[in-house]
Amino acid sequence: MLCKEIIQVIEAAYPREAALDFDNVGLLAGRSEKEVNRVYIALDATDAVIDCAVRAGADMLITHHPLIFSPLKKVTDENFISRRIVKLIQNDISYYAMHTNYDVLGMAELSEKILGIRDTEVLDITRENGGIPEGIGRIGSLEQPVTLEECCVYIKHKLNLGSLKVFGDMDAKVSRLAISPGSGKSVIGAAIAKGADVLVTGDIGHHEGLDAVEQGLSVIDAGHYGTEYIFIDDMKRFLEDKLPVLQVTAAPVIHPFQVI
């Protein structure tokens, strides 16, 4: 089927209009008229991912994070970003990114299910659709109160992680949990305002962590990749369900750094 037909199916569930204003989503490189049989799915369009897509014979690459985010003035082999675009086009691979539209309409609900939080609501509302609030992250209740240390063990198990960074008193009791996959600095205020005991997210710096704790919010930094790699298998299942004619390959889960 054609690339543009696949995009129509994706955007029926994850319309571009749901993306935040700063974002860059949609078909970012390649041909909309490309005949697609094989799709490769990854979180980021790195050199390694593109090489894997080429070796897999992919006709289309779908990622969560957009390769083209800051403006490009030229597309040559002299820049590491534009060099990837050149390789995609040379290999006739159409490249599509679905970022904050998926965060709002897929990632938030998926993360609440994985963590098993109950009685949830949107953490950071970005829009309303038919009177229903939509947005980034979720906040809800754990099955029962636990210590922050026990919560960390639970999060590591649910997200299959080897390590976490934690701000807060490990003996403190927590029961109301907020989850914001990816970079969650911007939702700390929303988590506090909605009464969260702990926020699970990524990319938390020294000052953000300290300031959150001073305001009564513990923070579990499970990593940007560690909270978002769930996109890969979820989109693989989505395409296999909606478009079984396609051959869909998911990139392996490989964390981008090691803790030693």
Side-chain angles (χ1 to χ4, degrees), residues 20 43 64 100 102-126 128 132-234 253 255-260:
L20 304 189
L43 197 68
H64 180 49
T100 52
Y102 178 82
D103 284 335
V104 169
L105 299 174
M107 190 84 80
E109 184 177 358
L110 178 61
S111 61
E112 80 170 61
K113 289 179 179 177
I114 289 173
L115 297 188
I117 53 177
R118 304 177 301 175
D119 304 319
T120 59
E121 60 179 296
V122 175
L123 177 60
D124 184 20
I125 298 171
T126 58
E128 287 196 357
I132 300 173
E134 296 175 340
I136 302 296
R138 289 289 190 271
I139 182 168
S141 299
L142 294 168
E143 194 169 308
Q144 61 184 21
V146 296
T147 66
L148 179 58
E149 183 175 10
E150 290 169 333
C151 186
C152 289
V153 173
Y154 177 77
I155 297 301
K156 285 176 68 176
H157 171 68
K158 289 294 185 179
L159 292 177
N160 194 27
L161 302 175
S163 63
L164 302 168
K165 182 169 70 174
V166 189
F167 295 89
D169 179 357
M170 298 298 276
D171 294 323
K173 288 287 186 179
V174 298
S175 61
R176 189 158 170 79
L177 182 145
I179 171 73
S180 182
S183 182
K185 298 174 185 178
S186 64
V187 302
I188 288 175
I192 293 169
K194 293 189 174 179
D197 300 312
V198 58
L199 169 65
V200 179
T201 188
D203 293 349
I204 297 298
H206 173 78
H207 296 291
E208 293 88 8
L210 291 181
D211 291 348
V213 172
E214 288 294 326
Q215 297 174 83
L217 177 69
S218 298
V219 180
I220 297 175
D221 187 334
H224 199 129
Y225 187 93
T227 53
E228 287 196 329
Y229 75 86
I230 56 178
F231 161 86
I232 300 170
D233 277 343
D234 188 53
V253 175
H255 292 267
F257 63 90
Q258 293 81 40
V259 177
I260 60 173

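Model, not experiment: these values are computed from the prediction.
With a 4.5 Å cut-off on side-chain heavy atoms, F167 and I204 count as touching. Within the 4.5 Å cutoff, the side chain of V146 has heavy atoms near those of the V174 side chain. Residues L110 and F231 form no side-chain contact, since every pair of their non-hydrogen atoms from C-beta on lies 4.5 Å or further apart. In this structure, H64 and D103 have side chains that are in contact, with non-hydrogen atoms separated by less than 4.5 Å. A heavy-atom distance below 4.5 Å is found between the side chains of Y229 and N160. Considering only heavy atoms from C-beta on, L164 stays 4.5 Å or farther from D221 through its side chain.
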Extract all donor-acceptor atom pairs below 3.5 Å that involve side chains of residues 195-203 and protein atoms in other chains or at least two apart in sequence.
{"from": "D197", "atom 1": "OD2", "to": "S175", "atom 2": "N", "distance (Å)": "2.9"}
{"from": "D197", "atom 1": "OD2", "to": "S175", "atom 2": "OG", "distance (Å)": "3.3"}
{"from": "D197", "atom 1": "OD2", "to": "R176", "atom 2": "N", "distance (Å)": "2.8"}
{"from": "T201", "atom 1": "OG1", "to": "S180", "atom 2": "O", "distance (Å)": "2.6"}
{"from": "T201", "atom 1": "OG1", "to": "G182", "atom 2": "O", "distance (Å)": "3.4"}
{"from": "T201", "atom 1": "OG1", "to": "G184", "atom 2": "N", "distance (Å)": "3.0"}
{"from": "D203", "atom 1": "OD2", "to": "H224", "atom 2": "ND1", "distance (Å)": "2.6"}

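What you find for G205 and K185 is that their closest heavy atoms are N-CE, 4.1 Å. A pairwise comparison of heavy atoms in C152 and M170 identifies SG-CE, 4.1 Å as the closest pair. Scanning both residues, C151 and I220, for their nearest heavy atoms gives SG-CD1, 3.9 Å. Smallest separation of non-hydrogen atoms from A178 and A191: CB-CB, 4.2 Å. Between P133 and V122 the shortest heavy-atom distance is O-CG2, 3.6 Å. Shown here for T100 and L20, the closest heavy-atom pair between the two residues is OG1-N, 2.9 Å.
Atom NZ in K158 sits 13.0 Å away from atom OG in S111 (nearest 0.5 Å). Atoms CD1 and CG, on I230 and L159 in that order, are 7.0 Å from each other to the nearest 0.5 Å. Of the inter-residue distances, the one linking L123 atom CG with K194 atom NZ reads 6.0 Å to the nearest 0.5 angstrom. Atom NZ of K113 is separated from atom OG1 of T120 by 10.0 Å, given to the nearest 0.5 angstrom. Rounding to the nearest 0.5 angstrom, the gap separating the CD atom in Q215 from the CD1 atom in I192 is 3.5 Å.
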Derivation of the side-chain contact (heavy atoms from CB on, under 4.5 Å) call for L161 and H255: CA-CA 9 Å; L161 302 175; H255 292 267; 3.6 Å; yes

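Screening L148, I155, V213 for a side chain to side chain contact (heavy atoms under 4.5 Å, CB included) with V166, the sole residue that qualifies is L148.
Listed by first then second residue, pairs satisfying side chain to side chain donor-acceptor pair (under 3.5 Å) with a partner in residues 136-149 read E112-R138, T147-E150, not counting sequence neighbours.
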